[in-house]
Amino acid sequence: MRIPFIAGNWKMYKNRSEAKAFAEEFKALYGGTDVKAAVCVPFTDLDILVEAFRGTGIGVGAQNVHFEDEGAFTGEISADMLKEIGVDFCIVGHSERRQYFAETDGTVNLKVKKLLEKDIRPIMCVGESLEQRDSGVLYDFIKSQLKGGLEGISAEDAEKIVIAYEPIWAIGTGRTATPEQAEEMCAFIRGTLIEMYGEETADEVIIQYGGSVKPANATEIMNQDEIDGALVGGASLKPADLMAIIDF
Ligand code: PGA
């Protein structure tokens, strides 16, 4: 039984006072749901949300991590540092990080392994560009991202990883994949996980869809069999919108 899981991705939005105001408002709205929720926020907001959400069941996530324990890596943050704050999740391999910060399947793989070692659940993003979709290489591409990101990871660990399917052309564009397109790829991802780990493990993995998810389209996306949740960017910045998605 997979429990639906909606995660917000604030990207580089909200300072500490805005984060605090969000947390207070969201806490008051959240409840009466079996859907799991988390918000992935800038590093500087993490402690505020951990504190505000204590005892509520709402998770807190980071958006990046370094794959080494410590060292001369100016500007980076380690998994131990996140763990010390009380972070539950961390996004890895978001397309914006792949595009602007040279994230590769290799570094994604190292980060996923480090997070698992430190007991933080990775939300590993995969997704094709519009050219890849139009030229028909999308399935091979998604499979290579999955195989690269999950290389050397055991079945037991794979169950703890959340996979977020985020077609690049649907992120922040207002152009959502149709529920059928999203379902088709999430089913393909599940199929690839079956090939890699067997049915029992693949059945446990939460697969999210991400890309212009909002209250108006959350129901039809969440009603798809192979879609277990959503990774929500823009619409996660407003407590009422995020709650409406959770209440799909
Ligand atoms: P969006 O972003 O919901 O604003 O399209 C999704 C994401 O990048 O995770």
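Because the structure is a prediction, the values reported are computed rather than measured. Numbering starts at 1 and runs along the sequence shown. Counting starts at 1 for both ligands and their atoms, in listed order.
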Handout entry: Per-atom contacts of ligand 1 with Gly211, taking only distances under 4.0 Å to non-hydrogen atoms
Key = 5 (O)
Practice task
Could you establish whether Ala235 and ligand 1 come within less than 4.0 Å of each other, counting only heavy atoms on the residue side?
Solution key: no
Problem - Nearest heavy-atom neighbours spanning Thr176 and Gly211 - result: CG2-O, 3.4 Å
Fill in the blank from the handout: Ranked by distance from atom 3 (O) of ligand 1, the top protein heavy atom is Gly233 N, 2.9 Å
Handout entry: Under-4.0 Å salt bridge between Lys83 and Asp80
Key = no
Problem - Asp228/Lys36 salt bridge by N-O under 4.0 Å criterion - result: no
Problem - Under 4.0 Å to a heavy atom of Ile171 - the qualifying atoms of ligand 1, by number - result: 2 (O), 5 (O), 8 (O)
Handout entry: For ligand 1, the portion of Asn9 having any non-hydrogen atom under 4.0 Å away
Key = side chain
Practice task
Report yes or no: does Lys11 have a heavy atom closer than 4.0 Å to ligand 1?
Solution key: yes
Practice task
Could you identify which residues cluster with Ile91, counting Ile, Leu, Val, Met, Phe, Trp and Tyr as linked when any side-chain heavy atoms lie under 4.5 Å apart, either directly or through a chain of such contacts?
Solution key: Phe5, Phe89, Ile123, Val162, Ile206, Leu231
Practice task
Determine yes or no for a side-chain-to-main-chain donor-acceptor pair under 3.5 angstrom, with Arg97 supplying the side chain and Val92 the backbone.
Solution key: no
Completion exercise
Of all protein heavy atoms, the one nearest atom 9 (O) of ligand 1 is Glu166 OE2, 2.7 Å
Exercise for the section: Distance to 0.1 Å, residue and atom name: give those for the protein heavy atom nearest to atom 4 (O) of ligand 1. Expected result: Gly234 N, 2.9 Å
Exercise for the section: Identify, by atom number and element, the atoms of ligand 1 in contact range of His94, meaning under 4.0 Å from any of its heavy atoms. Expected result: 7 (C), 8 (O), 9 (O)
Practice task
Can you sort out which atoms of ligand 1 are near Ala170, meaning under 4.0 Å from one of its heavy atoms?
Solution key: 5 (O)
Fill in the blank from the handout: On a heavy-atom basis, the closest approach of Asp225 and Arg2 is O-NH2, 3.7 Å
Handout entry: Test item, Ser236 contacting ligand 1 (heavy atom, 4.0 angstrom)
Key = no
Problem - Minimum heavy-atom distance Trp169-Ser129, with the two atoms named - result: CD1-C, 3.7 Å
Practice task
Using distance alone, decide if ligand 1 has a nitrogen or oxygen within less than 3.5 Å of any nitrogen or oxygen in Thr173.
Solution key: no
Problem - Per-atom contacts of ligand 1 with Ser212, taking only distances under 4.0 Å to non-hydrogen atoms - result: 1 (P), 3 (O), 5 (O)
Problem - Under 3.5 Å: N/O of Gly210 near N/O of ligand 1 - result: no
Fill in the blank from the handout: salt bridge (Lys or Arg N to Asp or Glu O under 4.0 Å) with Asp105: of Arg98, Lys143, Lys147, Lys111, only one passes, and it is Arg98
Practice task
For residues Ala37 and Ile246, report the shortest heavy-atom separation together with the two atoms involved.
Solution key: CB-CD1, 3.6 Å
